[in-house]
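So the structure is just underneath, and the comments pick up after that.
Counting convention: from 1, in listed order, for ligands and their atoms alike. No experiment lies behind these values; they were computed from the predicted model shown. Throughout, numbering of the chain's residues begins at 1 and tracks the sequence.
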Amino acid sequence: MSYRADITIIGAGVVGLAIAAQVASENRGVYVLEKNETFGQEISSRHSGVIHSGIYYPEGSLKAKMCVAGNHILYELCERYGIGHRKLGKLIVAINDEEAGELQTLLERGRRNGAQDLRMLSKQEMSKVEPNVTGVAAILSPSTGIIDSHALMKYFIAKAKERGVQIVYQTKVAGIEKVADEYTVTVEDSTGEFSFATSVLVNCAGLHSDKVAELAGIDTTKAGYRLHYCKGEYFSVGRGKNTLVKRLIYPVPSARLTGLGIHVTLDLGRRMRLGPSVQYVDSIDYAVDSQHKPLFYNSVRRLLPFIEYDDLEPEMAGIRPKLQEPGGDFRDFVIRDESDKGLPGFINLIGIESPGLTATPAIAEYVGNLVARLLGR
Ligand SMILES: Cc1cc2nc3c(=O)[nH]c(=O)nc-3n(C[C@H](O)[C@H](O)[C@H](O)COP(=O)(O)OP(=O)(O)OC[C@H]3O[C@@H](n4cnc5c(N)ncnc54)[C@H](O)[C@@H]3O)c2cc1C
């Protein structure tokens, strides 16, 4: 075996790339292995692109802490390096008194999580800021925004490469074996198969991260790492309706937090879309079923009465890598070194669903600290 790496990162999505930029340094050999032709072809290009403020997640969870921290870091990065973004703000709108009661709980949770700028708006206050939205009350989150995630990934790639990281595409990790105090990684590329050794191995394989954990011998059912695919479809809203709201508009989410509810997002080109829906599926398939249009229409017309059925067109879909089973309870991100499973230096990131994009810089810092401890430098 002729190749040796200090740190190998599996997956060139936003998370793997941010970690590469974080852990790179002159005296470390760092590789990113990606099975696709280029970076960010899976979850990281099929999402809402929202910089969340950290309202929803249980207090003390990694999702809550990393979302709030990531929100601040992302805006700083965007400002400093000219990454496309807009701090539009967002409303979570209650359509009846029962939902208004839930808003209060959400507001308090968000503030405890560190989203200090949240404000409760009365019906009149809401009508002033968003005259075309219907509801009885709303939470205003001024620090929610949108980001050009492709530009963010390009920024992480540039930073990683500047510090010597090699990103290798069309290279799929097919085997992981612990040998003495390092890992033998077997990869498949267009020329066949080859193996190399690495001291630290970071699994950022998104939808396939449970399979990668299995390659290292982890029983994913026992460890609670089995992923469930949960599809989110989007419908675009045409016919000039995109000018009728200024902010992102969300409903009050379901108690189990499977998704945040079909909401209205705007992208940097001010295109408006509705989504994502929540549908557990068995396989990865990005087709949008046009028969789901009534579901989208009925979900949003209570908040946005100006949207008409014919405004909607199927747009795109993404798949969430969920640890939470259908009907199950909230699950946090798994981000850990697997020393207690006899695999020191093997770092798993599993279940990095929303708010994974927002949390990315905070995840990278966290993993950077794990790596520094493992390598003793
Ligand atoms: C519908 C939807 C909406 C979302 N909206 C938001 C949002 O508005 N705000 C937010 O903060 N977050 C959002 N998220 C979450 C966010 O998009 C993800 O958390 C983030 O993109 C995950 O990035 P990743 O790098 O972990 O995964 P990915 O981008 O999927 O990257 C994993 C990479 O690993 C590679 N890989 C897998 N197996 C192997 C292997 N064996 N060998 C080599 N390479 C391999 C894959 O090819 C892939 O490129 C959303 C997610 C979805 C699905």
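- For Leu357, heavy-atom contacts with ligand 1 shorter than 4.0 Å involve the backbone as well as the side chain.
- Considering backbone and side-chain N/O atoms, Ser44 comes within less than 3.5 Å of an N/O atom of ligand 1.
- The shortest N/O to N/O separation between Val50 and ligand 1 falls below 3.5 Å.
- Only the backbone of Arg46 comes within 4.0 Å of ligand 1, judged by heavy-atom distances.
- Every atom of ligand 1 with a heavy atom of Ile352 under 4.0 Å away is listed here by number and element: 18 (C), 19 (O), 22 (C).
- With atom 14 (N) of ligand 1 as the reference point, the heavy atom nearest to it among Gly232, Ser354, Ser277 is part of Ser354.
- In terms of polar-atom proximity, His208 is not counted as a contact of ligand 1, lacking any N or O under 3.5 Å from an N or O of the ligand.
- For the pair Val212 and ligand 1, the shortest N or O to N or O distance does not fall below 3.5 Å.
- Remark: ligand 1 and Asn36 share an N or O pair separated by less than 3.5 Å (distance only, no angle test).
- For Tyr234 and His47, the ring centers are positioned 6.0 Å apart or more.
- Any N or O atom pair closer than 3.5 Å counts here, and Tyr234 shares no such pair with ligand 1.
- Among all non-hydrogen protein atoms, the one lying nearest atom 43 (C) of ligand 1 is Lys35 N, 3.4 Å.
- With a 6.0 Å cutoff to the six-membered ring centre and a 45° limit on the axis angle, Lys293 does not count as a cation-pi contact of Phe235.
- Among protein heavy atoms, atom 47 (O) of ligand 1 sits closest to Glu34 OE2, 2.6 Å.
- Residue contacts with ligand 1 include Cys204, since one or more of its heavy atoms lies under 4.0 Å from the ligand.
- For atom 25 (O) of ligand 1, the closest non-hydrogen atom of the protein is Val15 N, 3.1 Å.
- Atoms of ligand 1 lying under 4.0 Å from at least one heavy atom of Leu33, given by number and element, are 43 (C), 44 (N).
- Neither the backbone nor the side chain of Gln41 has a heavy atom within less than 4.0 Å of ligand 1.
- In terms of N/O distances under 3.5 Å, ligand 1 is approached by Ser48.
- Not a single heavy atom of Leu17 sits less than 4.0 Å from an atom of ligand 1.
- If you look at Ile51 next to ligand 1, there are no close heavy atoms at all, none under 4.0 Å.
- Under 4.0 Å from ligand 1, the heavy atoms of Ile319 that appear belong solely to its backbone.
- Looking at Glu325 and Arg331, no side-chain N of the basic residue comes within less than 4.0 Å of a carboxylate O on the acidic one, giving no salt bridge.
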